[in-house]
Amino acid sequence: MWTWQHVITTIFGGILFPLAIGLAWGKLAEEWKSAGGLLAGFFIVGTVWLVNHGIGLIFEPQMSGHLPGPWSDQALTAFWGLFVADLFAGKKINWAAILAGILGGLLGGLLLYATV
């Protein structure tokens, strides 16, 4: 059952991930090339995952047994947060990359569903 506390903490947890990616990932990759991208992957994704799922900042009824199946909340928040930020910044959207990401997500979801 969703409460106002769940709504507020879930919104904050959803904003936290694309914000951390936008602020730090590019700088780490720019400074340390591939090693910086790898470090960003470990530290940004890992830290935000622990905050959102370990502490329970994001409410997930799917994981508590109320609704069946897995949920990819961080992938969705990363996409929409960075996509909207690029729109506001006036950047040109690479539709081929978006289509490839959607197809990859669908394939990954189907493979995950097949293993559950």
Side-chain angles (χ1 to χ4, degrees):
M1 175 62 117
W2 284 87
T3 65
W4 280 108
Q5 180 181 359
H6 291 136
V7 171
I8 292 169
T9 59
T10 300
I11 289 171
F12 178 74
I15 290 170
L16 185 65
F17 190 46
L19 183 66
I21 291 172
L23 290 175
W25 199 303
K27 292 178 184 173
L28 282 168
E30 199 174 282
E31 182 72 26
W32 292 320
K33 308 294 181 225
S34 295
L38 189 64
L39 285 171
F42 282 121
F43 290 116
I44 293 172
V45 176
T47 302
V48 174
W49 191 92
L50 283 174
V51 169
N52 284 338
H53 300 286
I55 296 174
L57 196 60
I58 287 183
F59 178 64
E60 293 183 297
Q62 296 86 349
M63 297 302 180
S64 63
H66 292 82
L67 296 172
W71 184 245
S72 59
D73 54 359
Q74 286 198 177
L76 290 172
T77 61
F79 169 74
W80 283 111
L82 296 170
F83 181 73
V84 171
D86 284 350
L87 285 179
F88 283 145
K91 293 182 180 176
K92 185 178 180 208
I93 304 301
N94 184 350
W95 294 106
I98 290 175
L99 180 63
I102 290 170
L103 291 175
L106 286 172
L107 179 62
L110 288 172
L111 290 173
L112 182 62
Y113 179 74
T115 62
V116 174

Distance-only criterion, 3.5 Å: show the donor-acceptor pairs between side-chain atoms of residues 23-50 and protein atoms not counting sequence neighbours.
{"from": "K33", "atom 1": "NZ", "to": "E30", "atom 2": "O", "distance (Å)": "3.4"}
{"from": "T47", "atom 1": "OG1", "to": "F43", "atom 2": "O", "distance (Å)": "2.6"}

State the [atom1]-[atom2] distance between [X] and [Y], to the nearest 0.5 angstrom.
X: D86; Y: K92; atom1: CG; atom2: NZ; value: 13.0 Å
X: T77; Y: N52; atom1: OG1; atom2: CG; value: 7.5 Å
X: L107; Y: L112; atom1: CG; atom2: CG; value: 11.0 Å
X: H6; Y: T9; atom1: NE2; atom2: OG1; value: 6.5 Å
X: F17; Y: L82; atom1: CZ; atom2: CG; value: 8.5 Å

>> Check for me, please, whether V7 and I55 land in the same ILVMFWY cluster - side-chain distances under 4.5 Å, paths through other members count.
In response: no
> Is the closest side-chain heavy-atom distance between L106 and I102 below 4.5 Å?
Replying inline: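 Yes. Closest side-chain heavy atoms under 4.5 Å.
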>> W2: which residues meet the ring-ring contact (aromatic ring centres under 6.0 Å, His included) condition with it, sequence neighbours left out?
In response: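 Partners of W2 under the ring-ring contact (aromatic ring centres under 6.0 Å, His included) test: F59.
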>> For I21 versus A78, what's the shortest heavy-atom pair and its separation?
In response: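 Shortest heavy-atom separation between I21 and A78 comes out as CD1-CB, 3.9 Å.
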>> Applying side chain to side chain contact (heavy atoms under 4.5 Å, CB included) to T10 and L57, what does each step give before you reach the verdict?
In response: CA-CA 6 Å; T10 300; L57 196 60; over 6 Å; no
